[in-house]
Amino acid sequence: MAKAFDVIVMGARCAGSPTAMLLAREGYRVLAVDRASFPSDTVSTHLLHPRSVNALARWGLLDRLVTTGCPPIHTYAFDFGPFTIAGAPGMDKDAVAYCPRRTILDKLLVDAATEAGAEVREGFVVEEIMIEKERVVGIKGRSKHGGTATEYAEMIVGADGRHSMLSETVHPEHYREKPPLCAGYYSYWSGLPTDGRFEVYIRDRRAFAAMPTHDDLTLVIAGWPYAEFAENKRDIEGHYLKAIEQAPDFAKRLRSATREAPFAGTGVPNYFRKPYGAGWALVGDAGYNRDFITAQGILDAFRDAELCAGAIDQSLSGTRPFEEAMGEYQRIRDADVGAMYDFTCDLATLEPPPPELQRILGAINGNQAAMDGFARLNAGTISPTEFFAPENIEAIFAAADSRAQKMNA
Ligand SMILES: Cc1cc2nc3c(=O)[nH]c(=O)nc-3n(C[C@H](O)[C@H](O)[C@H](O)COP(=O)(O)OP(=O)(O)OC[C@H]3O[C@@H](n4cnc5c(N)ncnc54)[C@H](O)[C@@H]3O)c2cc1C
């Protein structure tokens, strides 16, 4: 069977389009398909931490985002009630975050894939994964504009999200799974400026966050434990506003703002899936998912795209055996996200911080270097392993003791 493509990518959002773009830039014949037509929204908030912004810069796409008028975010502020820890999420040149609408970000990524030479078929639904001799060899699908098509390639990449059809077909090993832990709902508000701050409020089994996006709007998401998901679904607005009432100053600001969109939201499971096998690979949520409370999904999708495209290039070009190249993709992915996965799942329970963490938070408060570190931890700029390393925590406590002694002197 003659193959028109080297690689087919199913799904063309944050994981799929960059994978297609990077492979097309290497000269591969790439087809990317998505059932959506872009610009297209999706159920997701869209904080882009500084490392994701850095990926856009590396790919030559950051200027395009900046010219859309998306406001930069220079400070992450975590309000625990008695005190607020506010710091810089990035470092040096990767200083800021953005919160671009998915209608704008995903379209920008799709266009970049097309410009790189990939064929992008929008409004195309994959209905079947073609398998021959236990190897994935192609896709069969239907265009919204009419007509069916079957396409073959050396590699089929599933960038098709949490309900990945490719994953469901190949049944990869699942590991470190956890059920949904938190449910979150969001909307967009006008008249609610945050002055370049990502504001997070942590309260009794509730958390909410506000972040500035396009068109002078502010996205506000509020969450509760997943155990309350079904019950609270009956009155999302009531529970959303009640959560926000736990921070009276913010609630007052919200009361003078105007809601500009319906609520959207959900809860998501947490899992790792083995991301490769004979003729196939998984990137983004299709291969690994964690609760959205730490807003790591787009960063993870971008990292997967780079790692997986690199591994596929090594394998297709014959510079490295498939198993070795893809095995390294999996190893680096798992090592990069391992500690953040645990940190995210702990936060997503919305349980009060355990006593030791409360002591650490108290010691961080007022120490600007430590507050920057805490912001960078939550941004994924530094890993939980680095932040919670004994020597870092000892230094934070020592600085707090010294501040206390000065105050008492
Ligand atoms: C409520 C919520 C809030 C979030 N907030 C943030 C945040 O602030 N920051 C952040 O970084 N991440 C956030 N995330 C996570 C983020 O949305 C995801 O990690 C990210 O979108 C994953 O991108 P993806 O490309 O892997 O998958 P998706 O965005 O799910 O894209 C998959 C694509 O595949 C297509 N597709 C699927 N099946 C088929 C098929 N059979 N045929 C054709 N096309 C198909 C779909 O149409 C879709 O366009 C949030 C998630 C949720 C649910």
Side-chain angles (χ1 to χ4, degrees), residues 8-20 31-53 55 73 97-102 105-107 109-110 113 120-129 139-144 149 156-169 180 182-187 198 200 209-211 213 219 221-223 263-270 273 275 282-305 308 337 340 344 348 378-380:
I8 295 173
V9 183
M10 296 170 55
R13 290 190 188 269
C14 296
S17 278
T19 306
L31 170 67
V33 300
D34 201 300
R35 67 157 63 90
S37 298
F38 297 90
S40 158
D41 211 348
T42 186
V43 177
S44 170
T45 63
H46 31 81
L47 183 64
L48 278 191
H49 292 304
R51 273 175 69 203
S52 314
V53 175
I73 298 172
Y98 289 91
C99 183
R101 294 297 294 257
R102 292 291 296 262
L105 176 68
D106 294 11
K107 169 80 175 135
L109 296 171
V110 167
V120 182
R121 280 186 210 164
E122 302 179 28
F124 184 93
V125 186
V126 179
E127 294 177 329
E128 190 182 338
I129 308 290
I139 57 166
K140 188 187 271 186
R142 181 179 301 276
S143 166
K144 271 186 198 160
I156 312 298
V157 179
D160 49 346
R162 294 192 303 279
H163 307 290
S164 166
M165 173 191 257
L166 181 56
S167 170
E168 278 169 21
T169 306
C182 170
Y185 287 88
Y186 63 94
S187 185
F198 168 54
V200 184
M211 52 207 111
T213 184
L219 187 169
I221 180 167
F263 288 102
T266 187
V268 299
N270 304 277
R273 295 174 182 154
L282 300 174
V283 287
D285 285 3
Y288 161 68
N289 196 51
R290 73 289 75 191
D291 194 276
F292 43 79
I293 197 158
T294 47
Q296 298 289 306
I298 299 170
L299 174 59
D300 289 332
F302 285 0
R303 186 218 37 251
D304 281 6
C308 186
V337 299
M340 182 51 103
T344 300
N378 283 275

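Index from 1, following the sequence. Note that ligands are numbered from 1 as they come in the structure, with each ligand's atoms numbered from 1 the same way.
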Seminar exercise, completed: Looking only at non-hydrogen atoms, the one of Asp34, Val33, Ile293 nearest atom 49 (O) of ligand 1 is Asp34
For this session: Please answer whether the main-chain N or O of Lys140 pairs with a side-chain N or O of Glu128 as donor and acceptor at a distance below 3.5 Å.
Result: no
Exercise. Among protein heavy atoms, which sits nearest to atom 23 (O) of ligand 1, and what does the distance come to when rounded to 0.1 Å?
Worked result: Cys14 CB, 4.0 Å
Exercise. Hey, does Val268 have a side-chain heavy atom less than 4.5 Å from the side chain of Asp285?
Worked result: no
Exercise. With backbone taken as N, CA, C and O and side chain as the heavy atoms from C-beta onward, which portion of His46 lies under 4.0 Å from ligand 1: side chain, backbone, both, or neither?
Worked result: backbone
Exercise. So, does Arg102 sit close enough to ligand 1 that a heavy atom of it is under 4.0 Å from the ligand?
Worked result: yes
Exercise. Step by step, would you call Val43 with Tyr186 a side-chain contact (heavy atoms from CB on, under 4.5 Å)?
Worked result: CA-CA 9 Å; Val43 177; Tyr186 63 94; 4.2 Å; yes
Problem set entry | Identity and distance of the protein heavy atom lying nearest atom 41 (N) of ligand 1 | Val126 O, 3.1 Å
Problem set entry | Contact with ligand 1 for Glu168, non-hydrogen, under 4.0 angstrom | no
Seminar exercise, completed: Of all protein heavy atoms, the one nearest atom 31 (O) of ligand 1 is Arg13 CD, 3.5 Å
Seminar exercise, completed: If you compare Phe38, Phe292, Tyr185 by their heavy atoms, the one closest to atom 2 (C) of ligand 1 turns out to be Phe292
Exercise. If we only count N/O pairs under 3.5 Å, is Ala295 in contact with ligand 1?
Worked result: yes
Exercise. Is any N or O atom of Ala15, backbone or side chain, closer than 3.5 Å to an N or O atom of ligand 1?
Worked result: yes
Problem set entry | Side-chain heavy atoms of Asp160 within contact of Val126, under 4.5 Å | no
Seminar exercise, completed: Quick note on ligand 1: atoms under 4.0 Å from a heavy atom of Arg290 include exactly 19 (O)
Problem set entry | Proximity flag Phe124 to ligand 1, non-hydrogen atoms under 4.0 Å | yes
Exercise. So which heavy atom in the protein is nearest atom 44 (N) of ligand 1, and how far is it from that ligand atom?
Worked result: Arg35 N, 3.0 Å
Exercise. For atom 30 (O) of ligand 1, what is the nearest protein heavy atom, given as residue, atom name and distance?
Worked result: Gly161 CA, 3.6 Å
For this session: Output the list of atoms in ligand 1 that are nearer than 4.0 Å to some heavy atom of Gly284, sorted by atom number.
Result: 26 (O)
Exercise. Can you list the atoms of ligand 1 that are under 4.0 Å from a heavy atom of Thr45?
Worked result: 2 (C), 3 (C), 4 (C), 5 (N), 6 (C), 7 (C), 8 (O), 13 (C)
Problem set entry | Heavy-atom nearest neighbour in the protein, as seen from atom 14 (N) of ligand 1, with distance rounded to 0.1 Å | Ser44 OG, 3.4 Å
For this session: Check Pro18 against Ala305 and note the closest heavy-atom contact, atom names and distance.
Result: CB-CB, 3.7 Å
Exercise. Are Ala159 and ligand 1 in contact, using a heavy-atom cut-off of under 4.0 Å?
Worked result: yes
Problem set entry | Leu282 and Arg273: CA distance, side-chain angles, deciding distance, side-chain contact (heavy atoms from CB on, under 4.5 Å) verdict | CA-CA 8 Å; Leu282 300 174; Arg273 295 174 182 154; 4.3 Å; yes
Problem set entry | Nearest-option assignment for atom 9 (N) of ligand 1, heavy atoms, candidates Leu47, Thr19, Asn289 | Leu47
Problem set entry | Contact atoms of ligand 1, heavy-atom distance to Gly297 under 4.0 Å | 10 (C), 11 (O), 12 (N), 15 (C), 19 (O)
For this session: Taking the side chain as every heavy atom from C-beta outward, state whether Asp106 and Pro39 have any pair of such atoms under 4.5 Å apart.
Result: no
Exercise. Any side-chain heavy atom of Leu105 sitting closer than 4.5 Å to one from His46?
Worked result: no
For this session: Kindly indicate whether the side chain of Asp41, heavy atoms from C-beta on, has any atom under 4.5 Å from the side chain of Arg102.
Result: yes
Problem set entry | Thr169 side chain to Met165 backbone, donor-acceptor under 3.5 Å | yes
Report all side-chain donor-acceptor pairs from residues 291-303 shorter than 3.5 Å, counting only partners two or more places apart or in another chain.
| residue | atom | partner | partner atom | Å |
| --- | --- | --- | --- | --- |
| Asp291 | OD1 | Ile293 | N | 2.8 |
| Thr294 | OG1 | Thr344 | OG1 | 2.7 |
| Gln296 | NE2 | His49 | NE2 | 3.4 |
| Gln296 | NE2 | Thr294 | O | 3.0 |
| Gln296 | NE2 | Asn378 | O | 3.4 |
| Asp300 | OD1 | Arg303 | NH1 | 3.0 |
| Asp300 | OD2 | Arg290 | NH1 | 2.8 |
| Arg303 | NH1 | Asp336 | OD2 | 3.0 |
| Arg303 | NH2 | Asp300 | O | 3.4 |

Exercise. If only atom types and distance count, is the side chain of Arg13 paired as donor or acceptor with the main-chain N or O of Ser40 below 3.5 Å?
Worked result: yes
Exercise. Is there side-chain contact between Ile156 and Met10, with at least one heavy-atom pair below 4.5 Å?
Worked result: yes
Seminar exercise, completed: Counting from 1 in the order shown, the ligand 1 atoms closer than 4.0 Å to a non-hydrogen atom of Thr266 are 53 (C)
Seminar exercise, completed: When rounded to the nearest 0.5 Å, the distance separating OH of Tyr185 from OG1 of Thr45 is 14.0 Å
Seminar exercise, completed: A student checking ligand 1 against Gly11 at a 4.0 Å heavy-atom cut-off should list atoms 33 (C), 34 (O), 35 (C)
Exercise. Against heavy atoms of Val43, which atoms of ligand 1 measure under 4.0 Å?
Worked result: 52 (C), 53 (C)
Exercise. What residues, two or more places apart in sequence or in another chain, satisfy side chain to side chain contact (heavy atoms under 4.5 Å, CB included) together with Ala159?
Worked result: Val9, Ala15, Val283
Exercise. Hey, does the side chain of Thr213 reach the backbone of Cys99 with a donor-acceptor pair shorter than 3.5 angstrom?
Worked result: yes
For this session: Decide whether the shortest distance between a heavy atom of Thr42 and an atom of ligand 1 is less than 4.0 Å.
Result: no
For this session: Could you check atom 20 (C) of ligand 1 against the protein and tell me its nearest heavy-atom contact, residue, atom and distance included?
Result: Asp285 OD2, 3.9 Å
For this session: Return a yes/no value for Ile298: is any of its N or O atoms, backbone included, closer than 3.5 angstrom to an N or O of ligand 1?
Result: yes
Exercise. If you measure from each non-hydrogen atom of Gln296 to ligand 1, which part falls under 4.0 Å: side chain, backbone, both or neither?
Worked result: backbone
